[in-house]
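The first residue of the sequence shown is numbered 1, and numbering continues consecutively from there. Heavy atoms only: backbone and side chains are in, while hydrogens, waters and symmetry mates are out.
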Amino acid sequence: MAALIGFWRVGEWIVKRTGAPIPGAILGLFIVLALLLSGLLPVRTIQLGSKWLMSEMLLFFLPPMLALLNYPQFLGVLGLKLLLAIALGILVVMVTTAFTIEFCVWAGRSRRAHASK
């Protein structure tokens, strides 16, 4: 978990220094992906923390899996439409959350800067 948090912080630092229009958390995940694909970051470095996160996420995905078993029509075109809607919804939530956090951090820094003047 510390390594994952560290990559998040590195992403935040890069965004702060460069002014990149992407949330630091997203940039941090891209850094992790690039390092994993290049072989510079061994999988075992983040494996334990990522396994824990994935095991906790299972709590959120278990009810939809049970619904799929009860309604097999979701395995056809209806299921593809539903999957697309879910994927887009997740993407919108993730991006909105990232930008909201970035805005809150920016607002807090701005408030502190005005208070110190």
Side-chain angles (χ1 to χ4, degrees):
M1 287 297 297
L4 292 172
I5 292 170
F7 284 113
W8 167 54
R9 299 297 294 167
V10 167
E12 292 285 334
W13 182 82
I14 291 171
V15 167
K16 181 180 176 183
R17 295 282 184 211
T18 64
I22 183 172
I26 303 293
L27 184 60
L29 287 177
F30 280 125
I31 293 169
V32 170
L33 178 63
L35 290 173
L36 285 171
L37 291 175
S38 69
L40 295 173
L41 178 67
V43 174
R44 69 179 183 279
T45 304
I46 60 168
Q47 191 170 24
L48 185 60
S50 60
K51 279 186 178 180
W52 179 77
L53 287 172
M54 291 301 289
S55 69
E56 295 302 317
M57 287 179 65
L58 181 63
L59 294 174
F60 299 109
F61 293 111
L62 188 59
M65 189 57 154
L66 293 174
L68 182 62
L69 294 175
N70 287 334
Y71 300 98
Q73 63 267 29
F74 287 143
L75 295 174
V77 175
L78 177 64
L80 289 176
K81 290 178 183 179
L82 185 60
L83 184 63
L84 180 63
I86 290 171
L88 288 175
I90 289 171
L91 181 65
V92 167
V93 167
M94 290 175 67
V95 169
T96 303
T97 301
F99 280 111
T100 301
I101 290 170
E102 289 293 321
F103 174 76
C104 290
V105 169
W106 173 81
R109 287 181 185 152
S110 177
R111 221 177 289 155
R112 283 192 300 265
H114 287 287
S116 67
K117 288 184 179 184

* Asked: Would you find a donor on one side and an acceptor on the other, under 3.5 Å apart, between the side chain of Ser110 and the backbone of Trp106?
  -> no
* Report whether Ile86 and Met94 are members of the same hydrophobic cluster (ILVMFWY, side-chain heavy atoms less than 4.5 Å apart, transitive linking). => yes
* Minimum heavy-atom separation for Ile46 to Ala3, with atom names? -> CG2-CB, 3.9 Å
* 4.5 Å side-chain heavy-atom contact, Leu80 and Leu84 -> no
* Indicate, with yes or no, if Ile5 and Leu41 share a hydrophobic cluster defined by side-chain heavy-atom contacts under 4.5 Å among Ile, Leu, Val, Met, Phe, Trp and Tyr. => no
* **Distance in Å, Leu91 CG paired with Thr96 OG1, rounded so as to fall on 0.5 Å steps** => 8.5 Å
* Any chain of hydrophobic side-chain contacts (each under 4.5 Å) joining Leu40 to Val10? -> yes
* To do: Can you measure from CZ (Arg17) to CD1 (Ile14) and round to the nearest 0.5 angstrom?
  => 11.0 Å
* To do: Would you check, one step at a time, whether the test side-chain contact (heavy atoms from CB on, under 4.5 Å) holds for Leu36 with Val32?
  => CA-CA 6 Å; Leu36 285 171; Val32 170; 3.8 Å; yes
* Please check if Trp13 and Ile22 belong to a single hydrophobic cluster, counting links between Ile, Leu, Val, Met, Phe, Trp and Tyr side chain heavy atoms closer than 4.5 Å. => yes
* Asked: Any chain of hydrophobic side-chain contacts (each under 4.5 Å) joining Val15 to Phe30?
  -> yes
* Asked: To the nearest 0.5 Å, what is the distance between CG (Leu4) and OG1 (Thr45)?
  -> 10.0 Å
* For Leu82, does the CG atom sit with more than 12 other heavy atoms under 6.0 Å from it, leaving out its own atoms? -> yes
* Flag for Trp8-Glu12: side-chain donor and acceptor within less than 3.5 Å -> yes
* Given Leu35 and Ile31, is the side-chain contact (heavy atoms from CB on, under 4.5 Å) satisfied, shown in steps? -> CA-CA 6 Å; Leu35 290 173; Ile31 293 169; 3.9 Å; yes
